[in-house]
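Everything on this sheet refers to the single structure shown next.
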Amino acid sequence: MKPLAWIGVAALAAVPLTGIGNYPLHLIIMCLLWAYVYTSWSIMGRLGLVSLGHGAFLGIGAYTVVMLWNHYGFSPWLGAPLAVLLSLAAALLIGLPCFRFRIVGHYFALVTLALSEVTRLVIVALRDHTGGSLGATPNTALAQGNTWSLDALQFSDKRVWFYVILAFWLAGLWIWARLDRSMTRLALDAITHEEDAAASVGINVTRSKLFVTLVSAGMTSVGGVLYAQYQLYINPETVSGIGISLQMVFGAIAGGMFVMLGPTVGAVFTLLLQEGLRLALGDAFKQFPALDLAIYGLMLVLFIIYMPKGILGAALEWRARRRATPAAAPG
Amino acid sequence: MEIFDIFLLEAVVNGILLGGLLALLSLGLNLIFGVIDVVWICYAELIMIGMYAVFMLHTQQGWPLLAAMPAGIAIVAALGAALHQFVIRPVLAAEPINQLLVTGGMLFLLQAAATLAFGIDFRNLGVRMQPILVGEMSISAPRVIAFVAALAGVGATWLLLSRTFIGTAIRAISQDRAIMPLMGVNPDRVFVITSALGGALAGLGACLLVLQYDIHPAIGLSFGPITFLICVLGGLGNLLGGLVAAFIFAQFISVGGFFFHLEWGYVIAFAFFIAVMFWRPQGILGGK
């Protein structure tokens with residue numbers, strides 16, 4: 001598996017060198033970016049902490065960087081760490097009491113939902129500074145034929161963004177793998193099954209949950225920073241609130257949130273579905289702009305009912321069962 | 001200073017009127033949670049469909065409003081029963097969070113279906129009513145109608161739950177799900193009836209909202225979250241708690257919106273919600 005993974009990464013890294021057009025490259029970049037964000041969500045989601053509040057972290061990441069740049073001229077190099085710190089503070093504010101008072105399941109999902117809605121509403125309410133529902137654009141640093149500005153973290157060449165976001169996606173997978181082999185994961189697995197029993201064998205329930213929440217929130221807000229710097233346009237609806245929070249959960253579920261590449265498969269699947277429908281329907285798509293959303297919603301419902309482990313999860317399980325059957329069959 | 005106080009009083013009165021409406025909206029959701037133990041994330045989208053149903057029947061088919069509204073209620077009630085039968089039932093035995101998420105998928109589906117069917121334009125029923133003048137305050141008539149009708153809906157639900165056989169069965173199931181089949185109650189039937197009842201309450205909410213607000217496919221997102229939070233604040237499944245929470249929330253939104261901006265009213269209400277969750281995670285009237 002190891003050499004195969006290296007070959008895969010090398011092949012992916014070579015994609016921009018093949019001279020594919022800007023639009024396919026843009027699709028791949030978005031795919032990697034959402035794969036990174038969904039992976040960040042799954043880091044806590046798969047351990048039973050189903051958060052509908054990740055829109056808050058994405059929104060804080062995106063808006064902090066852009067607002068600091070536009071209003072105070074702070075470089076994103078300074079803005080990004082501040083954005084992450086702010087997200088961690090929000091995660092701590094909501095996580096610490098939630099875990100201490102044992103708010104789990106439905107309640108946890110709905111309390112975190114309140115957090116992402118508060119973030120969206122604050123962004124809209126501060127419309128004099130943020131542009132409200134109309135969104136915001138970072139002041140451009142690419143005047144007079146400049147194609148890139150390292151200080152402003154703006155690059156007009158999509159290939160640069162491809163490698164930046166590829167690196168973050170790989171780093172996200174690395175964090176997943178590190179966490180997967182750590183004691184924290186074992187502790188959290190135990191907590192997921194039986195919180196009291198886990199506490200009774202000496203696991204610090206609050207601290208373990210908080211740790212994984214902070215990791216996930218910090219990673220997600222970096223995703224928000226990348227989104228803002230790459231797209232150069234942010235909007236309260238697309239980076240915060242209930243819609244994007246649900247989109248993260250569903251992307252992770254569709255791919256399979258219990259396996260490392262599951263959220264990535266979810267991101268690829270979502271994008272292929274959208275682009276595939278657009279190509280297949282052609283002009284009809286322009287007439288029915290919500291058709292992809294309708295099919296997406298229907299597929300999510302079917303997924304959760306019939307394939308709760310997601311595409312990759314179900315595929316791996318099927319392969320494992322096929323391998324196991326000949327040995328296990330009693331004559 | 002005098003005018004200031006009149007406006008503040010008006011905000012308080014509007015808050016009370018809004019509270020009645022929010023109480024009705026959260027009642028159906030709360031009932032379903034109490035009985036079936038499922039949160040319908042798409043509850044506000046059912047209301048949105050109901051609003052379109054009333055609008056289309058009235059403006060396209062030429063039905064009088066008093067006929068279109070009961071038809072809208074019936075359509076959403078049927079939709080609620082269908083939602084339970086085809087979407088919730090297959091995942092009743094699965095992880096609780098899957099039940100929440102499956103209705104989240106329905107949220108996208110219903111929203112997209114409405115966009116496909118009706119487009120993204122804002123529609124308005126175009127009912128104009130004179131405001132009611134009380135002293136120096138002017139109060140919007142549709143809000144008063146909505147308040148009265150919402151309280152009537154809450155009262156009717158209470159009567160149904162406390163005075164009828166099926167209401168008794170619904171309450172019994174919510175108290176002990178395992179024992180009721182032994183008493184000769186078919187839980188599946190009770191679940192479907194409860195879902196239809198929850199849908200009917202959403203339909204009634206739709207009839208009242210359509211008098212005051214423009215209709216568009218994403219309208220559910222603007223009052224859906226507040227509806228869930230009211231239920232959680234009151235203690236999920238606790239009908240009385242939901243009522244109290246609805247009036248508290250409405251005051252925060254209305255008076256907070258009066259002093260600052262409307263969004264800040266919501267922000268204050270949500271922040272209050274988060275604060276209460278840490279003080280009483282089981283809700284203000286929760287028993288556990």
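Only a predicted model underlies this, so the values are computations on that prediction, with no experimental measurement involved. All chains are named by letter (A, B, ...) in the order of the sequence lines, taking the proteins before the strands, and each is independently numbered beginning at 1.
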For [X], is it the side chain, the backbone, both or neither that has a heavy atom under 4.5 Å from a heavy atom of chain A?
X       : result
V102(B) : both
L107(B) : side chain
I274(B) : side chain

May I ask you to decide if [Y]'s main-chain N or O and [X]'s side chain share a donor-acceptor pair within less than 3.5 Å?
X       : Y       : answer
S42(A)  : P263(A) : no
E117(A) : P225(B) : no
W41(A)  : M257(A) : no
Y38(A)  : G262(A) : no

- prompt: Once the angle between the rings of F122(B) and H216(B) is folded into 0 to 90°, is it parallel (under 30°), tilted (30 to 60°) or perpendicular (over 60°)?
  reply: parallel

task: Look at the rings of W40(B) and Y43(B) and say which category their plane angle falls in: under 30° parallel, 30 to 60° tilted, over 60° perpendicular.
output: tilted

Of all of [options], which one pairs up most often with chain B through heavy atoms under 4.5 Å apart?
options                            : result
V122(A), L113(A), I295(A), L115(A) : V122(A)
Q247(A), R127(A), R120(A)          : R127(A)
I253(A), V118(A), T119(A)          : V118(A)
L52(A), L96(A), V50(A)             : V50(A)
I242(A), L246(A), L298(A)          : L298(A)

Reported CZ-to-CD1 distance for the pair F191(B) and I32(B), which is rounded to 0.5 angstrom: 11.5 Å

Interface moiety of [X] toward chain B, non-hydrogen atoms closer than 4.5 Å:
X       : value
L300(A) : side chain
A109(A) : side chain
R100(A) : neither
L121(A) : both

field: L58(A) side chain reached by S240(A) side chain, heavy atoms, under 4.5 Å
entry: no

- line: Of the listed L110(B), T103(B), V39(B), the one with the largest count of heavy-atom pairs under 4.5 Å with chain A is V39(B)

field: Polar side chain donor-acceptor pair, S216(A) to H54(A), under 3.5 angstrom
entry: yes

